[in-house]
Amino acid sequence: MSDHAVVYAPSAEFIAQANVKGMEGYRELYAAADADPEKFWSEFAASSVDWAEPWTQVLDWSNPPFAKWFVGAKLNVAHNCLDRHLSTSRKDKIAILFEGEPGDSRAITYAELHKLVSRFANVLKGRGLKQGDRAIIYMPMIPEAAVAMLACARLGIIHSVVFGGFSAEALKTRIQDLGAQLVITADGGWRRAKEVKLKPAVDEAVLDCPTIQNVIVYQRTNSGAAMTEGRDHWWHELEAGVSDDCPAEPFDSETPLYVLYTSGTTGKPKGILHTSGGYLTQAMASMKWVFDLKESDIYWCSADIGWVTGHSYVVYGPLASGATVLMYEGTPDTPTFARWWQVIEKYKVTIFYTSPTAIRALIRQGDQFPNAHDLSSLRLLGSVGEPINPAAWEWYYKTIGKSKCPIVDTWWQTETGTIMISPLPGAVPAKPGSGTLPLPGVQAEVVDLKGHPVERGKEGYLIIRKPWPSMLRTLWGDPERFKEAYWSKFPGIYFTGDAARQDEDGYFWVLGRVDDVMNVSGHRLSTMEIESALVRHPAVAEAAVVGKPHEITGQAVCCFVTLKKGDHDVDALGKELRQWVAHEIGAFARPEEIRFTEAMPKTRSGKIMRRLLREIVTSHTVAGDVTTLEDMNVITSLAAAQQDED
Ligand code: WTA
């Protein structure tokens, strides 16, 4: 497919105004970074980030895979996102434009955001929180979610945002793993014209979390949350009378900024740890190169604050770069499928960054929705989270971008912190479906099992050969798992978990995960996490979960389940198990399908052969090596069942 892919080169007009101009511009930057990465990053860091004290060493890689960037330097991340702008013309520039789902809106300037963050940081101080403490943020998409993150950053408190779609159970395991002292939440948020309550989940979760001393509740929906005396406090009550003045103390460059949990190949989520100086440096670099950010842009990234995209590209990257960021609370379908287009028209959005799943869902609704709105303010589009199929790319390009906006298809991960592979929009011609080329300073390669580069055109494993500033530093509380999960398959080299291919132009085509991680709507889900949830149900004996191709969400969760002996109403149980998973993990993890089976295909050593199950749901036939199969009949009957169903 790549060999004959259509190429979309940026227009002369776009190139003329771009931060990086033309292929030569890209090649020059890439070559400079490649020749001397430390010099390259130190120059970028010195010119973009506001440091309180300089570094004595750019990179310490003496104890791999534990990297330290900008060793000895000091900075405050919140100062970089706020205070530094106040002495410039950005002081009265709008930092956050907010559109609530019910239609309420707010415009918050940098000076006002600075005040909100300083006040809330003083609230946190007043609760006794200090550098190194941990706060969980479980909030709707409202400006206060960013305020909470930045207030933590200001004080050196490590935050961990838990996506509001996670259940009480998932919230609890994250609070416990992190040993958090505080939860910051809201009574609820607005989604699909209904209130989604958050506080009851917090109440349920913290019952088993003795480390939690305080719960701070922002009043968004005003529907009357139950408050536990002594533990729970209303945000607005604590804030009343608090000073606006909260100095931003400089912290070491390697001060932890946040832990973000993501699914791995076991049942237990991984706490990805990001630190300060390197992370902010690379976040700012990608704002400049990939989003081609200009002072006048109105920038909208539709990701929820609960995912890494919401961290790097709603809060830290754009605010440190002085951008005007749009935040929208709700979903694209309420009150109609025109909502996003209406928001773009209303605020004259210039840069729009979203996911292929959202694009595919919107395509299905028809062009009448985008066509009814003036989208002429747009100048750049972006995609993230999963491979974008060429048909969706073309629609995005033509129907939304009116064939004048470059599309940046950005490949990266929670672990990488920032964008690693993407076209620079005024430089690298796009091929729909390809992330194109690595960013300056990123040594991405496709290798075989031995770690040797494969020939162009051949599939292999996507790796990053050298450390980069925004890389994860470790897994919270589990350095051994950090080594094992990312650095052991190819010793000393970062393994992404993705398969990829480079075409004859060196363009990267990311093919998907090679581990037991699924990608549903651009959200990572672990097969093992869902399996462990299923086997906690009293009727379930065994469970095996695989991703099944899905037209809209990319993959859908498909569960094979064997039941304990007894009489079962399988129709009712199927529904119950789907609900069970939603309760154990979150509604976004609800399986598309539960298939009851008599037995699981297993190897002689008793391991469930997920590969075969995956083949059943993807190709509907079983090919490949089945010699280790214990009982071929099981596979044959599973494959037959699939065919019957179709
Ligand atoms: C996948 C999201 C193809 C990939 C920022 C990766 C992509 C995982 C793309 C990380 C893309 C992300 N093209 N695949 N442009 N972007 N992926 O941690 O499999 O939620 O490993 O980070 O999503 O997901 P995560």
Side-chain angles (χ1 to χ4, degrees), residues 2 161-163 165-166 258-265 269-274 282-283 286 290 301-314 316-317 353-360 381-390 392-393 396 407-423 428 430-439 442 444 446 459 461-464 470-472 475 485-486 494-502 507-527 529 547 553-555 588-589:
S2 61
V161 184
V162 176
F163 171 54
F166 274 112
Y258 64 83
V259 172
L260 186 59
Y261 285 90
T262 189
S263 296
T265 54
K270 301 188 281 200
I272 308 293
L273 179 79
H274 283 292
Q282 213 169 341
S286 49
V290 179
C301 163
S302 74
D304 191 275
I305 216 103
W307 310 109
V308 72
T309 309
H311 286 60
S312 303
Y313 299 112
V314 175
Y316 293 114
Y353 188 36
T354 192
S355 71
T357 288
I359 296 166
R360 288 188 292 261
L381 300 172
S383 167
V384 61
E386 47 182 322
I388 180 165
N389 50 309
W393 195 103
Y396 197 28
I407 297 181
V408 288
D409 174 0
T410 63
W411 177 90
W412 58 295
Q413 307 178 297
T414 306
E415 290 86 345
T416 68
T418 61
I419 297 167
M420 304 298 274
I421 300 177
S422 167
V428 181
K431 294 183 192 178
S434 169
T436 76
L437 300 172
L439 262 51
V442 175
V446 181
E459 288 162 16
Y461 303 95
L462 181 61
I463 57 113
I464 314 287
S470 67
M471 67 196 280
L472 78 166
L475 295 181
Y486 305 106
Y494 176 80
F495 176 44
T496 62
D498 279 346
R501 182 161 50 80
Q502 273 186 285
Y507 277 35
F508 285 79
W509 296 77
V510 174
L511 306 166
R513 307 283 310 188
V514 293
D515 53 12
D516 291 323
V517 174
M518 290 172 291
N519 191 326
V520 177
S521 305
H523 300 149
R524 271 163 71 166
L525 283 171
S526 144
T527 56
E529 211 174 334
T553 59
Q555 283 189 312
F588 69 100

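Atoms within each ligand, like the ligands themselves, are counted from 1 in listed order. Along the sequence shown, residues are numbered consecutively beginning with 1. If you're wondering where the values come from, they're calculated on a predicted model, not measured in any experiment.
A heavy-atom distance below 4.5 Å is not found between the side chains of Tyr313 and Thr410.
Listed as neighbours of ligand 1 are Val308, Thr309, Val384, Gly385, Glu386, Pro387, Asp409, Thr410, Trp411, Trp412, Gln413, Thr414, Asp498, Val510, Arg513, Asn519, Arg524, each bearing a heavy atom under 4.0 Å from the ligand.
Here CZ of Arg501 is found 9.0 Å from OG of Ser434. Values are rounded to the nearest 0.5 Å.
In this structure, Tyr396 has no ring-ring contact (aromatic ring centres under 6.0 Å, His included) partners at least two apart in sequence or on a different chain. Contacts of Tyr261 classified as ring-ring contact (aromatic ring centres under 6.0 Å, His included), with partners at least two apart in sequence or in another chain: none. Listed by chain and number, the residues in a ring-ring contact (aromatic ring centres under 6.0 Å, His included) with Trp393 are Tyr8, Tyr397 (sequence neighbours excluded).
Between Phe588 and Trp307, the ring-plane angle classifies as perpendicular under the 30° and 60° cut-offs.
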